[in-house]
Number of protein chains: 2
Amino acid sequence: MAIAKKVTINDVAHAAGVSVATVSLVLSGKGRISTATGERVSQAIEQLGFVRNRQAASLRGGQSGVIGLIVGDLCSPFYAELAAGMIESLESQGKMVFLTQGGRKGEHMLERFDTLVSQGVDGIVIAGAVDRGAELRTKAEDNGVPLVFASRASYLDDVDLIRPDNMQAAQMITEHLIRRGHQRIAWLGGQSASLTRAERVGGYCATLLKFGLPFHSEWVVECEASQKQASQALTQLLGQNPTITAVVCYNSVVAMGAWLGLMRSGWKSSDEGVDYYDKRVALAAFAEVREKDLDDAPMSWVITPAREMGKSVAERMLQRLDDGKSTVRNQIMPPRLVKQQ
Amino acid sequence: MAIAKKVTINDVAHAAGVSVATVSLVLSGKGRISTATGERVSQAIEQLGFVRNRQAASLRGGQSGVIGLIVGDLCSPFYAELAAGMIESLESQGKMVFLTQGGRKGEHMLERFDTLVSQGVDGIVIAGAVDRGAELRTKAEDNGVPLVFASRASYLDDVDLIRPDNMQAAQMITEHLIRRGHQRIAWLGGQSASLTRAERVGGYCATLLKFGLPFHSEWVVECEASQKQASQALTQLLGQNPTITAVVCYNSVVAMGAWLGLMRSGWKSSDEGVDYYDKRVALAAFAEVREKDLDDAPMSWVITPAREMGKSVAERMLQRLDDGKSTVRNQIMPPRLVKQQ
DNA sequence: ATGAAAGCGCTAACAG
DNA sequence: CTGTTAGCGCTTTCAT
């Protein structure tokens, strides 16, 4: 099959018996075109199967209709879902997305940024850990490219930023346990270097204090994201502090490890926690996204709706595209509590 | 801060005291340029911070350096990792990737395809379930755009296709159990409408026969991807068929459910399976990607290296770009067995 | 080995 | 309302 010669705006103009300018106007919906001509042009377009060359359009000065997305780690479920939500939203507005990877720690953000600019994107979204935010902001200003950040945790200031409300999430999950009658609540998991964890621990701690409950630093234990480690850490914690009745787990792996650990030591899970003779320990957790594995676990958990966050990011970007001068702002995604049973 | 006026090839030519043509030649590495001039140009480029406008380049007739990727579901860990591998690979070759979503069932593949073409991509990769493969192939031919498919399971023929070896994966995991002494091996999970499952069950069955072991259709049970359902289904299966000593689980959720189910019924996990008095049942599973949750489970599992598959896809695409006439081929990714110690 | 010039397909003034 | 015209930034013959 021969390669169909590309049909251009010229061919359309010819077929419709008008000038290229007219076709262009019809295409962009600008200018007042008579209904009759508009009709004729549309028909020609249809008939010839014309698809407008965005590159040429953008070269001439218009918008490219393309948004660049630099995501740190596409394999993180949270960012994958964020990206999916964003792309979905943008595509429904007729935009397209250039996806590139900035590295788990944001190592490649700057180079990727340049590449995106050279591709003529209308705006850039950066999702994930950011290495050199200030430089990026300057670059964006220099190039006149709207920039929006989306991150799980961040201290960036003076930029458009959308992020989860880690502190509120921690408050919700802690308060949930308290309302179920728990007074001695421990924390399991995460590494102290993590910003996300810091924000969450902050919320946990604040909530305890707010309810006049004891906060013991020995009840906040670090551990790696492995079931075995979580299981061991929890057993040790409970052994040394038998009065603890509830545990907040930093993520789903830790949570599963905690649960399994208890079960393996002879505890049995019931609807509201894990029981051992006359004692009960309730579990609660943070999760990146809705996970099948947690569905059947005897615990409540809290997530940040990543897909919706992606949509918010898209909306924010569209706004900036409309009105480049609109003031930057810091937007926060409320978390969602998933109650067990 | 004022928006820096975009520096073009003209400015570079001026600064280096040569013509734009020369700069272009240096940029593309074509044509014989004297070392001296080349040096001077490169220096000017560096100094002015010039970045070549790919849109213009591509418009004029060159390649755009952009590959379109239509992925069905970015939230599936398998495809997320595949995409990540592909993008990584392509970016290291100076290419960029347009990412769009084709829908879980490939509903939007055709529209997305058109959009990508209008953006002037050099080639298109389709990852995921494909709805109308034949049409896509025709479209690609008409537009002269190389097309490569990557899918977890597919019957597409006569196209460039890279897919996992589901059958071999099933053979590996089944044989693994057999070599450990199991003779009565059951299958748990998946829905019979799934193509992937069909391929895997095929491999499981074939391996049993190859080793002269019994295959009972009652030992192959469907179940949804939920721990609870898996747990119930397994309990029932083992209750009715007490001679079974090993179970192959269709995915990680089913596997976790199976394990938990056994534990909750009083079984205890050991290194080589789950024990109950004098009886032992070994578990094995398919997983989409390496999962932390499976790491500490008493079972072996098999995965298709999605990231490497992504790299293969990228390579295949680059080949087609070099040599559009190279014959299509069906490439298969070997699975990897992860033995639980 | 390098320069001059002709566009790629489209849009944005500016005329009519 | 619609046509004319001048490029956007770059590549690519064709001369020199």
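Proteins get letters first, then strands, A, B, ... in listed order; numbering begins at 1 in each.
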What stems involve DNA chain C, if each pair must be Watson-Crick or G-U and both of its distances must be under 3.5 Å, with 3 or more such pairs in a row?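 Stems for DNA chain C, defined as runs of 3 or more consecutive pairs: C:1-16 with D:1-16.
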
Over how many whole Å does the gap from [X] atom [atom1] to [N] atom [atom2] extend?
X: A/D11; N: C/dC8; atom1: CG; atom2: P; answer: 11 Å
X: B/L59; N: C/dC10; atom1: CG; atom2: P; answer: 9 Å
X: B/I9; N: D/dT12; atom1: CD1; atom2: C1'; answer: 12 Å
X: A/H14; N: D/dG3; atom1: NE2; atom2: P; answer: 13 Å
X: B/E39; N: C/dA1; atom1: CD; atom2: P; answer: 17 Å
X: A/N10; N: D/dT4; atom1: CG; atom2: P; answer: 12 Å
X: A/R40; N: D/dT2; atom1: CZ; atom2: C1'; answer: 11 Å

Using a cut-off of strictly less than 4.0 Å, decide whether [X] has a side-chain nitrogen or oxygen near OP1 or OP2 of [N].
X: A/S34; N: D/dT2; result: yes
X: B/R52; N: D/dT11; result: yes
X: B/K30; N: D/dT11; result: no
X: B/T8; N: D/dG9; result: no

Qualifying residue for side-chain hydrogen bond (donor to acceptor under 3.5 Å, both in side chains) with A/D160, from A/R137, A/Q331, A/R320: A/R320

Option from B/L25, B/V23, B/I33 for which side-chain contact (heavy atoms from CB on, under 4.5 Å) with B/V41 holds: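 It is B/V23, the one option of B/L25, B/V23, B/I33 that forms the side-chain contact (heavy atoms from CB on, under 4.5 Å) with B/V41.
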
When you look at A/Q319 and A/R316, which way does the side chain to side chain donor-acceptor pair (under 3.5 Å) test go after all the steps? CA-CA 5 Å; A/Q319 265 176 35; A/R316 187 81 194 100; 2.6 Å; yes

Would you classify B/I33 as touching base, sugar-phosphate or nothing, given that sugar-phosphate means primed atoms plus P, OP1 and OP2, and contacts are heavy atoms under 4.0 Å? sugar-phosphate

Atom CD of B/E39: over 12 foreign heavy atoms under 6.0 Å: no

With no angle test and no hydrogens, is the base of D/dG7 tied to the side chain of A/R60 by a donor-acceptor pair under 3.5 Å? yes

Anything under 3.5 Å between a protein N or O and an N or O of nucleotides 3-5 of chain C, put it in a table, one pair a line.
{"residue": "C/dG3", "atom": "OP2", "partner": "B/S19", "partner atom": "N", "Å": "2.8"}
{"residue": "C/dG3", "atom": "OP2", "partner": "B/S19", "partner atom": "OG", "Å": "3.1"}
{"residue": "C/dG3", "atom": "OP2", "partner": "B/T22", "partner atom": "OG1", "Å": "2.5"}

Decide whether B/T115 and B/S118 meet the rule of one side-chain donor and one side-chain acceptor closer than 3.5 Å.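 No pair is found: no donor N or O on one side chain lies under 3.5 Å from an acceptor on the other.
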
Compute whether any side-chain donor of one residue and acceptor of the other, for B/S92 and B/S89, lie under 3.5 angstrom apart.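 The criterion, which ignores hydrogens and geometry beyond distance, is not satisfied for B/S89 and B/S92.
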
Salt bridge (Lys or Arg N to Asp or Glu O under 4.0 Å) involving A/E315 - partner list, sequence neighbours excluded: none

5'-most by nearest nucleotide on DNA chain C - A/L27 or B/A56: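 Counting from the 5' end, the first nearest nucleotide belongs to B/A56.
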
Does the side-chain contact (heavy atoms from CB on, under 4.5 Å) test come out yes or no for B/I162 and B/M333, once each step is laid out? CA-CA 7 Å; B/I162 300 185; B/M333 281 306 290; 4.1 Å; yes

Using a 3.5 Å distance criterion without hydrogens, assess whether the side chain of B/T304 forms a donor-acceptor pair with backbone atoms of B/P164.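 Here the side-chain-to-backbone pair does not exist.
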
